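Fair warning: this is a prediction, and the values are worked out from it, not measured in the lab. Residue numbers count from 1 along this sequence.
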Amino acid sequence: GTENRYGPFRVRNPNARAAVLAGLRQATRRLSVRQFDLKTHRSAAAIERSRLAKIERLSDRFRALRQRRLEAAGTTLRGRAAGTTSARLAQAVEGPSIAGAHIEVKDAGLYTLNIGDLAEVLNERWWWTWWQARRGNLSLTSGGDRVAYRLADRGRSLQFVGEPVDSVDAAHNVYKLRVGQGERMASNNATPPNTGSEPLSFRSMAVLEEKLFVRPGLESDPKADAWHWLCVKAPLPTHNFPPCDASEHTLVIPTPDALDSGTGTVRVHVRGASDLVQGDDHQAVLLVDGNPIAEQSWDGFAPAVLEGEVDQAALALGQLEVTIAGEGPAESTSYFFVDRVEVDFDRAYLAVDDALTFSTAPGDARVRLGGFSDRNIELLDVGDPTRPRRLVGFDVAAGASGYEITFAPAPNGGRYLAVGPDGVQSVAGLSTDFASNLRASDNEGEYLVLGPLAFQEAAEELAGYRALAY
């Protein structure tokens, strides 16, 4: 039949007709007879239709009010921009409609976003935003790639795995959220077997890297990373190079929960900054706790790696002191950059700040990790951070170092993220993304300049000067 319509309805399939009639006969023997009043039904249906129409009228009023407010805001902005060279750009960028939301994250981890806060940014009602997320009708992307998410906290928040941005021009990675077909986070069963190999540690890498100054002339590829961190000179160079004011740099690298047995590996990535003599220009030594573990010589502007092994007993205190020093005779003219320091070591399966990112090796049947503050622990397969899989069915128990979980990893190994309640992160920023019409045919220009608003006055002055001069 049809909703709000009553029969009689004819059963067209003769084979099904007998079964339906038999079912009706059986049902009537168990149900009491109730009188049906068509007049009462029509009255109730009319009341329901009136209620829905009222809701729709209120919705229309809300949309109209929102449109008027947005248009008023756009008019104010255009009024401020009138008479300036950026007036047309302001009109093009600040459209009246909301395209979605910008979500900012800083570090890698599991993020949660309150549905109420998201609804406020989208200028929508809470239940509408929740319903779109529940249907998978919110599209979350990062750099154009779709990112999977899930509803958590009984539907009150949105959860996704965030990744930092690899750029000196931005402190946060910006995720875009739009209304449209999205991707819900899938789930896998990770119930552990009763027996099997259970490793005590995994191989972890600690990385120290900063990007403080740039030397683009050293790279032939325009897309290559031309940023560097530290500069080291030979003990007594005969040439002056301002960025290089020290013949050695000492760094302290955190090595949390490192085992006190085994061997670790230290790697320092360097890049030559001078080419002033025939043969090898540079000579460097790598020291750990004052003891040399590696030396390297190389020529010109080429990259090089200083690599040496270290006893893990030196890492067991939770940090490692590494020194990179320049070597050479008094007449040496060597200058080189330090780009990145890496330390590989065996680490115990213990959470830090209620979270742990770890890997498993092929053949591991069971993995046990602890150090969590609560038994409510989220476990995710983050082999692909944009499409993580939530693992369920693992064992949770109280242990000597807090709560522990035991699960079955992928047979070929993988990368995982385990997070307790205190390890779930909040987004660094949430803002409205207004729609633009930059692609409209009436927007014309030879180029588009993007920059901070504080630069606008100076940029207009420069543009005026160039217009007169050229």
Side-chain angles (χ1 to χ4, degrees), residues 99-115 118 122 129-167 170 172-192 202 204-205 351 354-362 364 367 369 376-394 405 407-421 423-430 433:
H102 284 163
I103 304 168
E104 301 177 15
V105 306
K106 183 177 182 181
D107 303 313
L110 181 63
Y111 282 84
T112 183
L113 177 61
N114 184 272
I115 291 292
L118 181 59
L122 295 176
T129 308
W130 168 83
W131 178 245
Q132 299 301 325
R134 186 173 183 271
R135 294 171 55 204
N137 199 37
L138 294 179
S139 174
L140 183 65
T141 59
S142 174
D145 296 328
R146 188 175 292 179
V147 178
Y149 61 86
R150 62 178 289 264
L151 278 175
D153 193 21
R154 298 183 179 180
R156 291 192 289 267
S157 62
L158 200 71
Q159 276 190 355
F160 64 97
V161 174
E163 289 288 303
V165 62
D166 183 17
S167 172
H172 301 121
N173 192 9
V174 179
Y175 288 70
K176 293 184 178 181
L177 186 137
R178 303 282 191 274
V179 177
Q181 183 60 44
E183 183 165 346
R184 300 289 300 275
M185 193 180 296
S187 298
N188 283 353
N189 188 284
T191 302
F202 66 99
S204 179
M205 178 189 291
D354 226 19
L356 179 65
T357 301
F358 61 97
S359 58
T360 61
D364 290 344
V367 171
L369 54 149
N376 296 317
I377 302 169
E378 292 290 338
L379 180 61
L380 301 108
D381 182 341
V382 292
D384 180 359
T386 61
R387 290 174 174 81
R389 292 181 174 270
R390 184 170 180 254
L391 303 184
V392 297
F394 51 85
I405 64 172
F407 76 102
N412 296 326
R415 187 167 178 80
Y416 300 90
L417 171 63
V419 184
V424 179
Q425 303 184 51
S426 299
V427 299
L430 178 63
D433 178 19

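Between Phe160 and Tyr175, the angle of the ring planes lies from 30° to 60°, which puts this pair in the tilted group.
Val367 is listed as a side-chain neighbour of Phe407, based on a closest heavy-atom distance under 4.5 Å. Residues Pro164 and Asn173 have side chains not in contact (no heavy-atom distance under 4.5 Å, counting atoms from C-beta outward). Taking the side chain as every heavy atom from C-beta outward, Gln425 and Val105 never approach each other to under 4.5 Å. Annotation: side chain of Val392 is not in contact with side chain of Asn188 (no heavy-atom distance under 4.5 Å). Side-chain contact between Val147 and Thr141 is absent, with no heavy-atom pair separated by less than 4.5 Å. Contact of the Arg184 side chain with the Tyr149 side chain is registered, since non-hydrogen atoms from C-beta on lie closer than 4.5 Å. A heavy-atom distance below 4.5 Å is not found between the side chains of Leu417 and Leu356. Counting heavy atoms from C-beta on, the side chains of Asn114 and Leu430 never come closer than 4.5 Å.
Salt bridge status for Asp381 with Arg390: absent, with no side-chain N to carboxylate O gap under 4.0 Å.
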Applying side chain to side chain contact (heavy atoms under 4.5 Å, CB included) to Phe358 and Leu369, what does each step give before you reach the verdict?
CA-CA 10 Å; Phe358 61 97; Leu369 54 149; 3.7 Å; yes

Would Arg389 and Met185 count as a side chain to side chain contact (heavy atoms under 4.5 Å, CB included) if you check the C-alpha gap in whole Å, the side-chain angles of each, and the deciding distance to 0.1 Å?
CA-CA 6 Å; Arg389 292 181 174 270; Met185 193 180 296; 5.9 Å; no

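In this structure, Gln132 CD and Leu118 CG are separated by 11.0 Å, a value rounded to the nearest 0.5 Å. Distance check: Leu177 CG to Leu113 CG gives 8.0 Å after rounding to the nearest 0.5 Å. Atom OG of Ser142 sits about 10.0 Å away from atom NZ of Lys176, to the nearest 0.5 Å.
Applying the salt bridge (charged side-chain N to carboxylate O under 4.0 Å, His left out) definition to pairs two or more places apart or across chains, those involving residues 150-163 are Arg150-Glu378, Asp153-Arg156.
The two atoms that bring Phe394 and Ile377 nearest to each other are CZ-O, 3.4 Å, heavy atoms only. Contact between Ala148 and Pro388 at its shortest, heavy atoms only, is CB-CD, 4.2 Å. Across Gly155 and Ile115, no two heavy atoms sit closer than the pair O-CG1, 3.7 Å. Of all heavy-atom pairs between Leu110 and Gln159, the closest is CD2-OE1, 3.9 Å. Of all heavy-atom pairs spanning Thr357 and Arg415, the tightest one is CG2-NH2, 3.3 Å. Minimum heavy-atom separation, Thr129 to Leu138: O-CD1, 4.1 Å.
Taking Asn376 as the reference, Asp374 meet the side chain to side chain donor-acceptor pair (under 3.5 Å) condition, with sequence neighbours excluded.
Counting only distance, with no hydrogens or angles, the side chain of Thr191 and the backbone of Gly393 share a donor-acceptor pair below 3.5 Å. With hydrogens and angles ignored, the 3.5 Å screen pairs a side-chain donor or acceptor of Thr360 with a backbone N or O of Gly414.
Heavy atoms from other residues, nucleotides or ligands lying under 6.0 Å from CZ of Arg134 number 12 at most. Heavy atoms from other residues, nucleotides or ligands lying under 6.0 Å from CG of Asp166 number 12 at most.
When the options Asp433, Leu140, Asn137 are evaluated for a side chain to side chain contact (heavy atoms under 4.5 Å, CB included) with Arg178, the one that passes is Asp433.
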